[in-house]
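Report on one structure; see the data block that follows.
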Amino acid sequence: DQQVKQNSPSLSVQEGRISILNCDYTNSMFDYFLWYKKYPAEGPTFLISISSIKDKNEDGRFTVFLNKSAKHLSLHIVPSQPGDSAVYFCAASGAGNQFYFGTGTSLTVIP
Amino acid sequence: GAVVSQHPSWVICKSGTSVKIECRSLDFQATTMFWYRQFPKQSLMLMATSNEGSKATYEQGVEKDKFLINHASLTLSTLTVTSAHPEDSSFYICSARVTGLYEQYFGPGTRLTVT
């Protein structure tokens with residue numbers, strides 16, 4: 001039962017443009033959401049997070065938006081850079097320690 | 001800050017042998033560590049939650065007798081794959097949670113190949 005879903009397995013964007021990665025979840029008890037970036041054969045790197053009490057969190061080029069009513073979050077990267085090319089995972093957490101990860105979206109930024 | 005290391009980064013073992021993977025939090029104490037497994041082109045699958053000084057909590061479908069987890073100190077957790085089989089070949093990743101924070105910080109992963 002996939003509680004966190006990333007329906008786009010891949011995304012290609014021109015350098016300088018905006019990248020939008022989407023994530024949907026089913027469990028209304030989730031109250032904390034994170035985005036991780038992962039390169040092949042490496043562990044995920046924490047990117048940005050958002051609490052359910054907010055609807056937006058911004059850190060430099062990265063902004064995460066949360067729409068609780070739609071159970072949807074998105075990561076915006078602007079401007080996109082070739083070094084942003086990686087797999088991006090969203091994750092959600094509730095009352096316990098457990099994180100539920102999406103299946104990832106592979107982002108390719110074309111120079 | 002919040003650096004997590006894993007050792008080894010890559011290991012090949014023969015079927016039937018055991019392999020131990022270490023996960024260390026280098027600059028913080030972690031009362032809770034997590035072990036994940038990632039199959040090619042798939043998401044991270046949580047295997048177990050490791051709490052310092054107590055038994056690990058395994059996710060449904062994960063054999064606790066096969067994947068032995070020990071969290072002996074606030075900076076070290078180990079995963080031992082016992083009697084390894086080729087189907088255990090995978091990428092194993094640990095993470096550590098800073099006490100009081102939600103974020104988990106991940107190690108670089110260990111590629112296990114069982115021949």
Practice task
Return the set of residues passing ring-ring contact (aromatic ring centres under 6.0 Å, His included) with A:F65 (not counting sequence neighbours), or none when no residue passes.
Solution key: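 Per chain and number, A:F65 pairs via ring-ring contact (aromatic ring centres under 6.0 Å, His included) with A:H76.
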
Exercise for the section: Please name all residues satisfying ring-ring contact (aromatic ring centres under 6.0 Å, His included) with A:F46, sequence neighbours left out, ordered by chain then number. Expected result: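 If we apply the ring-ring contact (aromatic ring centres under 6.0 Å, His included) test to A:F46, skipping adjacent residues, the hits are A:Y36.
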
Is there a path from [X] to [Y] through hydrophobic residues (I, L, V, M, F, W, Y) whose side chains come within less than 4.5 Å of each other?
X	Y	value
A:I20	A:V4	no
A:L47	A:V78	no
A:Y32	B:F106	yes
B:W35	A:Y100	no
A:I48	A:I77	yes

Handout entry: Within the 6.0 Å centroid threshold, strictly below: A:F101 and B:Y36
Key =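 That pair passes the under 6.0 Å test.
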
Practice task
Could you look at B:L44 and say if it's the side chain, the backbone, both or neither that has a heavy atom under 4.5 Å from chain A?
Solution key: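 Both backbone and side chain.
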
Handout entry: A:K38 versus B:I93, closest heavy-atom pair with distance
Key =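 In this case the closest contact between A:K38 and B:I93 is CE-CD1, 4.0 Å.
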
Practice task
For residues B:Q38 and A:F89, report the shortest heavy-atom separation together with the two atoms involved.
Solution key: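 That would be NE2-CZ, 3.5 Å.
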
Practice task
Using a heavy-atom cutoff of under 4.5 Å, enumerate the residues of residues 58-78 of chain B that contact chain A, numbered in order, or state 'none'.
Solution key: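 Against chain A, the residues of residues 58-78 of chain B that fall inside the cut-off (heavy atoms, under 4.5 Å) are B:E59.
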
Problem - Transitive ILVMFWY cluster of B:I12, excluding itself - 4.5 Å side-chain cut-off - result: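 Hydrophobic cluster check, B:I12: joined to B:W10.
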
